[in-house]
Structures are given as structure tokens and as C-alpha cells.
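Note on naming: letters A, B, ... go to the chains in the order of the sequence lines (proteins, then strands), and numbering restarts at 1 for each one.
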Amino acid sequence: MSETLQHIVIVFGILFGLLTLAAGLIWIERRLLGVWQNRYGPNRVGPLGIFIVLADMIKIFFKEDWIPPFADKKVFVIAPTIIMFVVLMSWAVVPVAPGVVVLDLNVGILFFLAMSSIGIYSTVLAGWASNNKYSLLGGLRMSAQMFSYEVFMGLSLMGVVIMAGSFNLTDIVNAQKNMWFVVPQFLGFIIFFIAGLAESHRLPFDMPEAESELIAGFHSEYSGMKFGMFFVGEYVGVTLISAFIVTLFFGGWHGPVLPPFVWFFLKMMFFICLFVLLRAALPRPRYDQLLSYGWKILLPLALLNIVVTGGLVLAFE
Amino acid sequence: MVSLLKSLWYVFLHMFQKRVTVQYPEEKNYLPPRWRGRIVLTRDPDGEERCVACYLCSVACPVDCIALAATEEEDGRRYPDFFRINFSRCIYCGYCEEACPTYAIQLIPDFEMAEYNRQNMVYEKEHLLINGEGKYHGYNFYKYAGLELKNKGKGEGENEAPPVDPKSLMP
């Protein structure tokens, strides 16, 4: 009984913490972008402007939730829920601290990859159901971008899997007790980072949205809480990619002095801030450059990484 | 690749630079003395309205935000019956000030006119009139104008020659 209770606490704790974090990211991102652009960002509502989150939530809940008459209504409604569902499901396999994981799957990485593949449907269906050429272009770009980056996103993780000898994320974290995998798997880390950036379609890889060309792309017809779901989905996606980078390459909860959860959180926040810094600093590449960069450079590198890692592991064991 | 990392680093360094934001309600920017902000109607040194309701400001206004109607006092002095400026339309171009022949309408540096109710942006004459002379001191249009008033005949203004008698043959 107490074990069940503990499990329920973990499930709701992670869910609650995650949604709070995703909401807080609205503030964090705007403040950080401001800091890196020599301004202050929102600093009026509450201490340091943190209640801007509440103001934003109230605003987005009270906005008119409009479905365009030309849209495919059912698909239009389903699309934003998919991304939320998918990123929250992916979080289920992330071990936050020893024993604190919703679902200790033995195929954790594969589950994550599968879920992020399903995430494509959200944007593609949103772009299709909006029945609007810009949205459709956004959805189209999304599918191409996700397809090409998904391939070596999975491949870049295989080095880690070879070294840890397991798909289970808890095992992978435990295997990094003495050395973080970022040292031997630096190439894998870089490739996974870029692929994760493309996967969460954040700047500089926000081709599907591309405000300046596609008028917000796949979600240009969305308003109110449906838009909010895309928004929260994107932020949870950022935390998800950061959490995976930390778990797979930066030793998860391992760290001296501080409790494991705090280490995990600090490392994750570092990568979230790095995501924001990338957004603040880098311009959006051209669309074909993005795809050829993925297929011509990153895919061969990922394959090379697997071959070398596999060969070395075979040679030394 | 190196240039990308370099730009990341430079953007990161912005964190330690000075903010350019002016925290507006607490700190205020320097405004030049001739800043064109809110419009006022001034009075002449005797405390009378300077406006002679000539409609030139209304005509000059590119956004048609000035409305007025002329009326006359018993001594022949013209003044606006009502004078209305819709500040939600006003673009603070200052053309009305340039057009005004009597220095009545003037733009002052105040720009803080935010209102919750749109109708409150419409200023009537009693809101526009101030008790001073504004930027041009000591000027009284009627002292110079060759207009006949109750206590001033034709040709009695300052620097004004007596009127020519058109029926006289003398030079």
C-alpha cells in the first residue's frame, strides 16, 4: 500500500513540478532574453516580475478560443493535445533522483525516441487541419525537419547505450558514477544536442514556426488555450531535451554534497538556459541548409561515432 | 562553427553590460524644452483668451482632431464658443501651433495622458485653457491688430498708423 502511495506521490510530484517549471520558463526565458539583449525583461508584476506567469495564464485562459470555420474541426482540436501528451509521456522515463522515476522501463531510450516521433503528428496535423497555406508549409517543414533529425538523434544515443550496456535510463545514470559520458561521447553529445534543438523546434531551428516567413507556421490559426498547449508543449519539450542531455551525458543526479534531486535540477536548468542563449544569439539557417547539414554532416558523424565506440568497446572488453 | 560559438559568447557577455532600459515611471528621460506634447490654449497678458477662433488650426490639423466654433463678444472680440481636441487622434505634429496667428494654441512637453476611458481623451476648452501665456510672453494680439474694439478705435494699436481716408485726395 505504502509503495503504491509513494508511486502516486512521485507521479503527481513530477507532473506538478514539470508543469510549474514549464510555466516558470515563460518568465525565465523572457528575463534571460532581456538580459542578453541589454534590457530587463518583465520586471513589474510581483518580485522580479515572476507573477507575469500568472498574468499570462489568466490572459491565455480568457482569450477567445476560436476554431476557424474552414478548419478540419476534430483534427484541429486533437493536434495540440498530442504534443502535450507526448512530452509528458516522455518525462515518465526520466529518473530525477535514485528511485524517483514514474516508469522504470528497460527500453527507456527507445520509448523516448518513439514518443518524440509521435510528436511530429501534432505539428503536422495542426498544419494540415488549419487549412491555411502558411500553416501547411509549417507542418511540411516540421515533418521534413523531424524526419531527418530523428534519424541521427537515435543514432547519436547508441554510443551511450553501447557504453552503458543498457537502454534503461537508471542504469545509464548509474554507469556514469565515475565518469560522465560527455567525455568519451562528446561527439554524441553535440549531435544529440543539435538534434534535440531541432526536435523541440526552438530557435535557431524553428523553421516550422518562423514568424518572419510563415507567420507562426503551424499554429497561426490557433488561439486561446489551444495555442497555450503548443506553447507549454514546447517548453516541456525544452525541459525534456535538457533532462535527457543531463541523464545521458552529464551524470544525471550524480554530484557531490548537494542532494541528487538538486544536482539534476541544476544541471537541467543550465541546459535550459543554454537553449535560451542559443535563441538569443543565433540566426535561423536557411531551410535547405538545415536539411543538408543534417543529412550530409551529422548523420555520417553519428554513424562514425557508433562505429568507433563499438569498436573500442569490443577491443577493450 | 567557430563564428557561431563566438557569437554565443559575445551575446552571453551582454549579461554584464549596462541595461539600456529607462525604468519609466520611476526614472524619466530628458525631454527637450521644445518637446511637442499636450496642446494648451494660452491667455494674453490681460488674462483674456488669446484664441480668436479663426479655424486655422483646425484646417492645418492633418488628422482633423480639432473642432471649434466661433462666436463674438459685444465689443467685437472673437472667441471660440467651444474648442475640442481629440487627443486619441492627435499626432503632436505642431502644425496647429505653426498656423496659429495669435500664439494661442501651443504644445507643451507633457505627454502623459493615458486614460482608461477613451472618451476622456477628448479635451474641451476648459481642460485646454491655462492661466498663463505659455512660451510667448507679453504678446497681445488685439494690441497690434487694426480691429476696432470697444475701448480702442481703428489705428490706435501699437505701431499702427491712423487709417487712411480713401475719400481724401491728399497724400
Side-chain angles (χ1 to χ4, degrees), chain A residues 28-49 52 186-187 189-191 193-198 202-206 242 245 269-286 289-290 292-294 296-298 300-302, chain B residues 1-40 63 65 85-94 107-123 127:
Chain A
I28 291 174
E29 171 157 45
R30 286 170 67 179
R31 271 319 280 254
L32 283 179
L33 280 179
V35 159
W36 285 318
Q37 290 165 0
N38 287 15
R39 359 177 231 113
Y40 288 104
N43 62 350
R44 293 279 153 179
V45 201
L48 292 172
I52 194 80
F186 188 71
L187 193 60
F189 160 65
I190 294 292
I191 296 169
F193 188 78
I194 293 170
L197 210 59
R202 298 257 317 160
L203 271 154
F205 293 141
D206 72 332
S242 308
I245 290 170
M269 286 316 285
F270 173 79
F271 281 102
I272 289 173
C273 295
L274 191 60
F275 267 78
V276 179
L277 177 60
L278 282 169
R279 172 174 177 178
L282 298 185
R284 190 184 297 133
R286 221 169 57 207
Q289 285 172 340
L290 178 83
S292 59
Y293 181 64
K296 287 182 187 162
I297 301 175
L298 292 177
L301 278 180
Chain B
M1 194 67 201
V2 178
S3 67
L4 291 184
L5 291 178
K6 248 161 110 183
S7 74
L8 271 184
W9 175 243
Y10 287 140
V11 169
F12 179 74
L13 287 183
H14 275 264
M15 205 163 176
F16 308 107
Q17 290 176 359
K18 204 174 159 289
R19 314 284 97 181
V20 293
T21 314
V22 178
Q23 298 271 12
Y24 163 62
E26 292 93 30
E27 325 167 13
K28 300 210 163 151
N29 250 339
Y30 168 74
L31 284 186
R34 294 191 188 185
W35 176 270
R36 299 194 306 260
R38 182 160 62 86
I39 297 172
V40 292
V63 289
C65 70
I85 297 183
N86 184 352
F87 278 110
S88 56
R89 284 181 143 200
C90 181
I91 56 172
Y92 309 101
C93 60
L107 273 68
I108 59 168
D110 175 29
F111 62 92
E112 292 160 320
M113 292 190 292
E115 298 279 356
Y116 278 105
N117 191 343
R118 200 166 285 222
Q119 197 56 38
N120 294 346
M121 293 294 279
V122 178
Y123 280 43
H127 309 125

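Counting non-hydrogen atoms of neighbouring residues, nucleotides and ligands closer than 6.0 angstrom, the CZ atom of B/F111 exceeds 12 such neighbours. Around OH of B/Y116, the count of heavy atoms belonging to other residues, nucleotides or ligands within 6.0 Å does not exceed 12. With a 6.0 Å radius and a threshold of 12 heavy atoms from other residues, nucleotides or ligands, B/Q119 has its CD atom at or below the threshold. Counting heavy atoms of neighbouring residues, nucleotides and ligands inside a 6.0 Å radius, atom OH of B/Y92 exceeds 12 of them.
With a threshold of 4.5 angstrom between heavy atoms, A/L277 approaches chain B through its backbone and through its side chain. For chain B, the nearby parts of A/L278 are the backbone and the side chain; heavy atoms of each come within less than 4.5 Å.
The most heavy-atom pairs under 4.5 Å with chain B, out of A/P283, A/P204, A/A281, come from A/A281. Ranking B/R19, B/Q23, B/H14 against chain A, the residue ahead of the rest is B/R19, based on heavy-atom pairs under 4.5 Å.
For the pair A/N38 and B/Q17, the tightest heavy-atom approach, listed with the atom from each and the gap, is ND2-OE1, 3.1 Å. Pairing each heavy atom of B/M15 with each of A/W36, the nearest pair is SD-NE1, 3.6 Å.
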